[in-house]
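Atoms considered below: every heavy atom in the structure, side chains included; atoms not considered: hydrogens, waters and symmetry mates.
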Amino acid sequence: MRCKIIFFALIFFTKTLCSQELNFENSPFKKNIKENILNGQIFSESRVKNLGIDQNLSFSIAGLHPKSCKYALKTLSNYEEFSRFLSFVKESRYDEKKKEINFLISHMLMPYDMRLIFTLPRITAPGNYPFIFEIGILKNLRGNIIVSNFKDRCFFYTTANWRGPTTGFNPTMFELFSQALSKLSMEILFRISSSLSH
């Protein structure tokens, strides 16, 4: 009988944790990282490992927008406009029917231009938004973008994981450019979406 009570208590506790929405306060960061994010810094981390003929990528980025989600998302949900905002995004298109983003990325940190095509709903409100890369060297990369309100500011937290045939990139270089470009992107997009009038 005691075992049954413990078993049901564990199930209830696990379900409670899983149903709890992730936000800035319960995000999985150490205190000093949360303080940095609260002070306007972007946290970006990328880990790449070679696993025989395969490669593994584990990525996360988080930032606290200075404005509310309602304000910030009016600009940040316009994926087709990203080529206007980010110099290294040469093309940006969005297929509303397929919920498909199509970016052409070119930057001096990258050995060659890269086209990223992935499915992502248009983010117009706080929530949890899964995405998946459909083609390219990171095909089948899966991730989530979590958007939530925090004291009249908007918290963005993205995680992504991928394992597949080696990209040909040195793991350290792969970490550096994925981390640097994502951080730069969020900084620029936050700045632009904070100043544009709606």
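At a threshold of 4.5 Å between non-hydrogen side-chain atoms, the residues Phe85 and Ser193 do not count as touching. Between Arg153 and Lys151, every side-chain heavy-atom pair lies at or beyond the 4.5 Å cut-off. Side-chain contact check for His65 versus Ser194: some heavy-atom pair is nearer than 4.5 Å. Counting only heavy atoms from C-beta outward, the side chains of Phe190 and Phe156 approach each other to under 4.5 Å. Between Trp162 and Asn56 the shortest side-chain heavy-atom distance does not fall below 4.5 Å. When side chains are defined from C-beta on, Ile101 does not count as touching Leu116, because their heavy atoms never get closer than 4.5 Å. Between Lys99 and Leu120 there is no side-chain heavy-atom pair separated by less than 4.5 Å.
Side-chain atoms of Asn170 come within 3.5 Å of backbone N or O of Met173 as a donor-acceptor pair. Panel note: side chain Ser44, backbone Gln179; a donor-acceptor pair is recorded below 3.5 Å. At distances below 3.5 Å, not a single donor-acceptor pair connects side-chain atoms of Glu100 with backbone N or O atoms of Asp95. In terms of modelled atom types and a separation under 3.5 Å, the side chain of Asn39 and the main chain of Asn36 share no donor-acceptor contact. Between the side chain of Asp54 and the backbone N or O of Asn50, no donor-acceptor pair lies under 3.5 Å. The closest donor-acceptor contact from the side chain of Ser195 to the backbone of Ile192 lies under 3.5 Å. For Lys49 (side chain) and Pro171 (main-chain N/O), no donor-acceptor pair under 3.5 Å exists by modelled atom type. No donor-acceptor pair closer than 3.5 Å links the side chain of Lys70 to the backbone N or O of Lys67.
Checking each of Val147, Ile145, Ile146 against Thr158 for a side chain to side chain contact (heavy atoms under 4.5 Å, CB included) leaves exactly one that passes, namely Ile145. For the ring pair (Phe, Tyr, Trp, His ring centres under 6.0 Å) with Phe29, the lone residue among Tyr157, Phe24, Phe155 that qualifies is Tyr157.
Listed here is the closest heavy atom pair of Tyr129 and Ile123: CE1-CG2, 3.5 Å. Smallest separation of non-hydrogen atoms from Cys69 and Ser148: SG-O, 3.6 Å. Taking both residues in full, the closest heavy atoms of Leu57 and Phe174 are given as CD2-CZ, 4.4 Å, listed atom of the first, atom of the second, then distance. Residues Ala62 and Ile37 approach most closely at CB-CD1, 4.0 Å, considering heavy atoms.
Around the NZ atom of Lys139, the shell of radius 6.0 Å holds no more than 12 heavy atoms that belong to other residues, nucleotides or ligands. Counting heavy-atom neighbours within 6.0 Å of Asp152 CG, excluding the residue itself, gives a total of 12 or less. For Leu51, the CG atom is densely surrounded, since the number of other residues' heavy atoms within 6.0 Å is greater than 12. Residue-environment remark: NZ (Lys34) exceeds the threshold of 12 foreign heavy atoms within 6.0 Å.
For the pair Arg122 and Tyr79, the cation-pi test (distance below 6.0 Å, angle within 45°) is passed.
Separating the CG atom in Leu86 from the OG atom in Ser92 is a distance of 8.5 Å, to the nearest 0.5 Å. Summarising the geometry, atom CD belonging to Glu91 is positioned 9.5 Å from atom CG belonging to Asp113; distances are rounded to the nearest 0.5 Å. Residue Phe82 holds its CZ atom at 11.0 Å from OH of Tyr94, rounded to the nearest 0.5 Å. With rounding to the nearest 0.5 Å, the separation of CZ in Arg115 from OG in Ser106 is 11.5 Å. To the nearest 0.5 Å, atoms CD1 (Ile105) and CZ (Phe177) are separated by 11.0 Å. The OG atom of Ser46 lies 10.0 Å from the CD1 atom of Ile61; values are rounded to the nearest 0.5 Å.
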Test side chain to side chain contact (heavy atoms under 4.5 Å, CB included) on Phe150 and Leu64; report intermediate values, then the result.
CA-CA 8 Å; Phe150 177 74; Leu64 195 55; 3.8 Å; yes
Determine, step by step, whether Thr159 and Asn144 satisfy the side chain to side chain donor-acceptor pair (under 3.5 Å) criterion, reporting the C-alpha distance in whole Å, the side-chain angles of both residues, the deciding distance to 0.1 Å, and the verdict.
CA-CA 6 Å; Thr159 59; Asn144 278 289; 5.0 Å; no
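Residues Phe103 and Leu184 are members of one and the same hydrophobic cluster, defined by side-chain heavy-atom contacts under 4.5 angstrom among Ile, Leu, Val, Met, Phe, Trp and Tyr. Hydrophobic clustering (side-chain heavy atoms under 4.5 Å, transitive across Ile, Leu, Val, Met, Phe, Trp, Tyr) groups Met114 together with Leu141. Residue Ile137 is not grouped with residue Ile132 when hydrophobic side chains (ILVMFWY) are merged at heavy-atom distances under 4.5 angstrom, including chains of intermediate members. Linking Ile, Leu, Val, Met, Phe, Trp and Tyr whenever their side-chain heavy atoms come within less than 4.5 Å puts Ile42 and Leu73 in one cluster. Under a hydrophobic-cluster definition in which Ile, Leu, Val, Met, Phe, Trp and Tyr are linked whenever side-chain heavy atoms come within less than 4.5 Å, directly or via other members, Phe133 and Ile117 are assigned to different clusters.
Residues Thr167 and Gln55 bring a donor and an acceptor atom of their side chains to less than 3.5 Å of each other.
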